[in-house]
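Atoms within a ligand are numbered from 1 in the order they appear, just like the ligands themselves.
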Amino acid sequence: MSELLRSPDTLTKATEELDRVIGRERLVTEGDIPNLPYMEAIVKETMRLHPVTPLLAPRMSREDASMGSYDIPTGTLVFVNVWAIGRDPAVWGHDADEFRPERFVGSSLDVKGQDFELLPFGSGRRMCPGIGLGLKMVQVVLANLVHGFAWRLPDGMAKEELSMEEKFGLSMPRMVPLEAVPEPRLPGHLYAGP
Ligand code: HEM
């Protein structure tokens, strides 16, 4: 949501895709996700720049190994810095630091642990076993937030003023909680509880 509020063109494009595919008479459901490629690209781009677990889970090398110009002896504690990999210009180009979901449109790059340049759920036998649930939840919740509401920053706040500082730890949340103003954009009965 923070990246979308800083990038109104992306937010408009995402809203247009949702209106085109879903219409305005119902909410987004899990089955809609394969028909929302731009929304999928937004989630991938967010996970590239803001991986939930920036250093994955620590590993211990079980045998001597060499990687690039490094020798890694048995018993070394190894951290995989997916935050840095996700922002490496050698991999992502000169605009590596920019939020640009278009880079994933029509690309086969995925977050499922096979493409080592994009590992928000890790990889290998210790990769996240909750990927199916986690990914779908993020996609469906974000799609409904964007589809169900017109979002803006609080009065008087320019998009350049929105802090994007992150708090480093095992996971990496925003340093300052996001404040944003939602305005319903669908028929009233869709907001009623069950
Ligand atoms: C968007 C949501 C999520 C993200 C981004 C995420 C990310 C991760 C990452 C990066 C790891 C470490 C993988 C590695 O080091 O290779 C991990 C581990 C793990 N995740 Fe998730 N996760 C998410 C949701 C979930 C959910 C919903 C569950 C459970 C229902 C879950 C359960 C676990 C468990 C149990 C591990 C430890 C696996 C092990 O060490 O063998 N995660 N997750």
Give the C-alpha distance, both sets of side-chain angles, the deciding distance and a yes or no for side-chain hydrogen bond (donor to acceptor under 3.5 Å, both in side chains) between Thr74 and Asp64. CA-CA 5 Å; Thr74 308; Asp64 290 351; 2.7 Å; yes

Taking the minimum heavy-atom distance to [atom], which of [options] ranks first?
| atom | options | value |
| --- | --- | --- |
| atom 19 (C) of ligand 1 | Pro129, Gly130, Pro58, Ser171 | Pro129 |
| atom 7 (C) of ligand 1 | Pro120, Ala57, Gly132, Gly113 | Pro120 |
| atom 30 (C) of ligand 1 | Thr53, Val111, Leu133, Ile131 | Leu133 |

Give the atoms of ligand 1, by number and element, whose distance to some non-hydrogen atom of [X] is under 4.0 Å.
| X | answer |
| --- | --- |
| Val138 | 1 (C) |
| Met127 | 13 (C), 16 (O) |
| Val52 | 5 (C) |
| Gly122 | 10 (C), 13 (C), 14 (C), 16 (O) |

Using the benzene-type ring in the case of Trp, are the ring centres of Phe99 and Trp92 under 6.0 Å apart?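 Aromatic pair excluded; centres sit 6.0 Å or further apart.
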
Whether [Y] and [X] form a salt bridge (side-chain N of Lys/Arg under 4.0 Å from carboxylate O of Asp/Glu) is what I want to check.
| X | Y | answer |
| --- | --- | --- |
| Glu102 | Lys13 | yes |
| Arg103 | Glu45 | yes |
| Asp19 | Arg185 | yes |
| Asp155 | Arg152 | yes |
| Arg48 | Asp88 | no |

Identify the closest protein heavy atom to atom 39 (C) of ligand 1: which residue and atom is it, and at what distance?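 Closest protein heavy atom to atom 39 (C) of ligand 1: Arg126 NE, 3.2 Å.
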
Do me a favour and list the nearest non-hydrogen protein atom to atom 4 (C) of ligand 1 with residue, atom name and distance?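 Going atom by atom, the protein heavy atom closest to atom 4 (C) of ligand 1 ends up being Phe121 CE2, 3.3 Å.
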
Tell me which part of [X] gets within contact of ligand 1: side chain, backbone, both or neither, using heavy atoms under 4.0 Å.
| X | result |
| --- | --- |
| Leu119 | neither |
| Cys128 | both |
| Ser123 | backbone |

For Arg59, is the nearest heavy atom under 4.0 Å from an atom of ligand 1?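 Arg59 counts as a contact of ligand 1 under the 4.0 Å cut-off.
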
Heavy atoms, side chains only, cut-off 4.5 Å: are Ile85 and Phe116 in contact?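 With C-beta onward as the side chain, the pair stays apart.
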
Side chain proximity check, Gln139 to Glu30, heavy atoms < 4.5 angstrom: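 Of all side-chain heavy-atom pairs linking Glu30 with Gln139, none is under 4.5 Å.
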
